[in-house]
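See below for the structure under consideration.
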Number of protein chains: 2
Amino acid sequence: MPDPCQPVGPARPARGRAKLSDVAREAGVSPAVVSRLLRGDEKLRIREETRQRVLAVAAELRYTPNEVARALRRSEVGILGMAVHDTSNPVYSEILAGAQAEASAAGYALLLADADELARTGRTFERLVRGNRIDGLMLQRGPGGSDAAVAQIASTRLPLLLVNDRTRGEVGSVGLDDEAATYLATRHLAELGHTAIAHLHLGTPKARSAARTRGWRRALAEAGLPEGPQVRGGHTTGDGERAMRGLEPGSATGAVVSNVLAAVGAMSGARAQGLRVPDDLSIVAVHDVFFAPHLTPPLTVVRMPLRELGRRSVAALLRQLGGDRPPHEVVSEPEPELVVRASTAPPPRRPGRA
Amino acid sequence: MPDPCQPVGPARPARGRAKLSDVAREAGVSPAVVSRLLRGDEKLRIREETRQRVLAVAAELRYTPNEVARALRRSEVGILGMAVHDTSNPVYSEILAGAQAEASAAGYALLLADADELARTGRTFERLVRGNRIDGLMLQRGPGGSDAAVAQIASTRLPLLLVNDRTRGEVGSVGLDDEAATYLATRHLAELGHTAIAHLHLGTPKARSAARTRGWRRALAEAGLPEGPQVRGGHTTGDGERAMRGLEPGSATGAVVSNVLAAVGAMSGARAQGLRVPDDLSIVAVHDVFFAPHLTPPLTVVRMPLRELGRRSVAALLRQLGGDRPPHEVVSEPEPELVVRASTAPPPRRPGRA
DNA sequence: GCAGATCGGTAAAACGATTTACCGATGCCG
DNA sequence: CGGCATCGGTAAATCGTTTTACCGATCTGC
C-alpha cells in the first residue's frame, strides 16, 4: 500500500519517468539492490520477500533504465554503427536488413551512417567514431572507399569490421565468396556453349573486384576458353549502360556482370545497341534482387547470402567486442547459387565473332 | 588489487581518450571554462590569450566530447529513431536515405528500428522508446501498422512523427499528396482513351489508401468515366501478381497500381495471363524507383518526392523537439510528376469489354 | 577613498545508473 | 562465551559533461 509517511517529493516525478532511486525508495531498499537485482547479479543475496517487493514496485512504476546513464557508467552503449555507401542500393539494404535483425536479437540497436561522409573525417567522424556513440562499427566501403579512411578509423581503436570485403591483419572483415560467384556464372555460360565470355567488372573495391575476376578466369581456364574482353562495369545501372558501349560489338556472346545493378543497365544498353538478350547476348549477374525475376528477360543471377552476411557481420563484431581477435570470415552458408532465368541461353548459331 | 606501479594521473590516460578535465588541467583552467568555450557560451567572458591556450590544448589532445556524458547531462542524445516496416523496400529505403542526409546535416544520427518489432511492445520498445535512447521517433507504418501501437508510443510523450502518412490531432505526420498521384495516373490513362480503368489499391494503411482511391475516383469523374474495378494490390510483387488474378479478364484496359512493387508483380501477372503490356493492358504505378526504366516494358509511373519526404520528416521532427506543435504536412515540392514510359498506351481497338 | 561595475573566471551540483568494498546482525560451533 | 561464517543488504565512488550561482580582483566614477 501507499506509504503513509511521504512528506517529500512525489512518488513518481510529474515530468519524466521513474528512475532507479524512485524504485529503491518506494521499495524501501537501496538503489544498489534494485540495480543488482534487475541486472541479475549472481553475488546478490536477497530475501525472497524483498525480491518480490522490489520487482513489484519496479513493475508498478513501469521502471525502465535510462540507457544513457547505463552507457556512461558501463562505457558501453549497446549501439552498433553501420556505415553504408548507398542506402538505396538494394544489395546494401538487404545486408542492412540482416544486420538490423541480428543486432536487435542481440539487444543492440543499429545506428546508420553514410560511409562517404564518414570518410571525409569531419564532424560526423568525430561524433560517431570518437564520441563513444557506438560500441563498434561496420563499414561497407563503396566504390570510392579508401584504405586511408579505414586506417583512420582503426587507429581510434574503435572495434571495426569491414562488411562485404576481405582483409588481412588487424582490421577484421566478413565477406562473401566472390570468386565462387563469378566462377558459377561463367561456368554456366560455358556450359551453354558460349566461347566468348566477357566480364563487366566492379572496378572497386579492389579486393572484391579481384576475387570476381579470378572466378571468371578460373572458369574460363577450366573450360579451356580464351579470356574474353573485360570492361569496367561499375555499381550502378548507368555504369552498366556505359559499359556496354565500351564492349566491342560481336566480341562476346555472353557477359558476366559483377554487379546486379550494372547488369540491369547492361541489358538496357544491349537493347539500345540492337542486341537481343539472350538471343544475341546472354547476361548473368552477381547478386539476386527481388525484382530480378520481373525484368525482361528475367535476369539469371548467382544468388549470394546477403541477409546472412548482415547477420554474420553483427555476430562477428559482437564477438570482437567480447575480446575475440578480428575475424576474417567468408559467409559460405548458404552457398552461392546459380538461379537460371531467361537472360541466358545458348549462343547464336552464327557466333559473335563469325 | 590496486596497481602500485602506476604513478598518479598521466596527462593523457593510456587507455581511452582525453576528456574535458584533461584539457582543463593541461590548460590550467577549470573544466567549466573548457566546456563553455567549446560550446560557445555567449555569457563566458574570457581573455583572448586564455581562449587560445585552451583551444590549443584541446586540439593537441584531440579532445572529443563524450557524447554519452553530454546526453546524460543535457537529457538529449542527438539521435533520432527511424522505424521502418521493411528496409529492403526501395520506396522506404529512398525515404531513409533522405532522412539520413538531413539528420546528418543537422548534427543528428539516425537509429534504425524495425517497425513491426516495435509494435510488439517488447524489449525493443522499452529500450528504444522508454530508455532515452532517442530524442524522437519517425515511424513508417507498414501494412499491419496498428493505431494501438501508435497510441502506445505517443502515450510515452516521446516526440513522434508518422512518416508517409496523414494524421489529425496530437500525433504529427508528414505525408505525400497521395490523391494527386493517383489522380495524375488515372488522368493519363483517360487521356490515352481508356474508359475502363481499374485500381489496384493498397489496402493499408487506411489514410494513404483512401487518398489514393479518392484521386482515382476524382479523375474518373472529371473524365466522365464509370468507376472501374477495384481490387487489393498490396505492397509487394507477390501481392501485385495475385491481384491480377483477382481482376476479371477484360474488365479493364488500364490499371492504376497504388504501389510500384505491386505494379511490378502486376506486369508479371498480366503476362502470365497472356496479356501484353501495354497492348492489352496499360499499367501505371505510384512511385518511381531506379529500376523502373529498366523493366520491360519500362514502367510509367507518377514520381513522388520520396527523398524529400525523408528530409522534411526529419526537419519537422526537429522542429517538434524545439517545441513546435506536431506538424501535419504534405510534401508537395517537387510536385508529383507523371513519368511516361512504355507500360501505357492507347487501349486496344477492340475494347476490353467488346 | 569607497561603492558599485566589470572582468575573468571557479565551485559544485546535477544527470541516472553500476559496482566495489564493506557492514551489522544472526546463526553456529566448540 | 568467543570466534567466525553467512545472510541480507548498504554507502559511496565513479562515468564525463553541463550549468547555475557565485567570487575575488581590478576598474571607474565621484
Side-chain angles (χ1 to χ4, degrees), chain A residues 9 12-13 15-54 58 61 63-78 126-127 130-133 135, chain B residues 1-3 9 12-13 15-55 58 61 63-78 126-127 130-133 135:
Chain A
R12 209 194 311 195
R15 290 164 51 81
R17 303 174 210 314
K19 48 193 180 187
L20 191 63
S21 57
D22 295 330
V23 177
R25 181 165 25 73
E26 207 75 0
V29 294
S30 78
V33 169
V34 182
S35 176
R36 298 174 62 191
L37 176 59
L38 262 33
R39 295 294 139 216
D41 180 346
E42 299 287 331
K43 294 185 292 297
L44 172 65
R45 310 266 70 204
I46 191 174
R47 228 175 321 170
E48 183 57 23
E49 174 196 326
T50 315
R51 166 201 298 274
Q52 294 307 335
R53 179 159 34 92
V54 172
L61 261 37
Y63 168 69
T64 311
N66 182 325
E67 296 290 340
V68 176
R70 292 195 65 193
L72 177 58
R73 178 59 231 247
R74 312 191 44 212
S75 6
E76 211 185 295
V77 292
E126 290 295 313
R127 300 182 63 153
R130 309 190 73 246
N132 289 69
R133 221 164 229 214
D135 294 328
Chain B
M1 189 78 82
D3 190 344
R12 209 197 307 197
R15 289 163 51 82
R17 302 173 211 314
K19 45 193 180 187
L20 191 63
S21 57
D22 295 330
V23 177
R25 181 165 23 74
E26 208 75 359
V29 294
S30 78
V33 169
V34 183
S35 175
R36 297 175 62 191
L37 175 59
L38 262 32
R39 294 293 139 217
D41 181 345
E42 299 287 331
K43 294 184 292 297
L44 172 66
R45 311 266 69 203
I46 191 175
R47 227 176 320 172
E48 183 57 22
E49 175 196 326
T50 314
R51 167 202 297 274
Q52 295 306 336
R53 180 159 33 92
V54 172
L55 256 25
L61 261 38
Y63 169 69
T64 311
N66 182 325
E67 297 290 340
V68 175
R70 292 195 66 193
L72 177 58
R73 177 59 231 242
R74 312 188 47 210
S75 6
E76 212 184 295
V77 292
E126 290 294 312
R127 299 182 63 152
R130 310 191 72 246
N132 290 69
R133 221 164 229 212
D135 293 328

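Reminder, nothing fancy here: chain letters follow the sequence lines and each chain counts from 1.
Between B:Pro31 and B:Leu20 the shortest heavy-atom distance is O-CD2, 3.9 Å. Closest approach of B:Val29 and B:Arg53 over heavy atoms only: CG1-NH1, 4.2 Å.
With contacts defined as side-chain heavy-atom distances shorter than 4.5 Å, the pair B:Leu55/B:Leu38 qualifies. Side chains of B:Glu48 and B:Gln52 form a contact here, defined as non-hydrogen atoms less than 4.5 Å apart. Counting heavy atoms from C-beta on, the side chains of B:Asn132 and B:Val77 never come closer than 4.5 Å.
Residue A:Arg45 holds its CZ atom at 12.5 Å from OG1 of A:Thr50, rounded to the nearest 0.5 Å.
Remark: A:Arg36 engages A:Asp41 in a side-chain hydrogen bond (donor to acceptor under 3.5 Å, both in side chains) (not counting sequence neighbours). When the side-chain contact (heavy atoms from CB on, under 4.5 Å) test is applied to B:Ser30, the partners found at least two apart in sequence or on another chain are B:Ala32, B:Val33.
In summary, B:Asp22 and B:Lys19 do not engage in a salt bridge, as defined by a charged side-chain N under 4.0 Å from a carboxylate O.
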**OP:** Any chance you could list the contact pattern along nucleotides 14-20 of chain C? Use B for base contacts, S for sugar-phosphate-only contacts and - for none, protein heavy atoms under 4.0 Å, 5' to 3'.
**Re:** BBBBBB-
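Over its length, the helix from C:dG1-D:dC30 to C:dG30-D:dC1 turns its helix axis by 60°, as judged from the five terminal pairs at each end, rounded to 10°.
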Only distances under 3.5 Å count here; give the side-chain donor-acceptor pairs of residues 64-72 of chain A to other protein atoms, sequence neighbours excluded, each with its distance to 0.1 Å.
residue, atom, partner, partner atom, Å
A:Thr64, OG1, B:Glu126, OE1, 2.9
A:Thr64, OG1, B:Arg130, NH1, 2.4
A:Asn66, OD1, A:Val68, N, 2.8
A:Asn66, OD1, A:Ala69, N, 3.2
A:Glu67, OE1, B:Arg133, NH2, 3.4

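Put simply, chain A comes within 4.0 Å of DNA chain D, heavy atom to any atom, from D:dG8 to D:dG16, going 5' to 3'.
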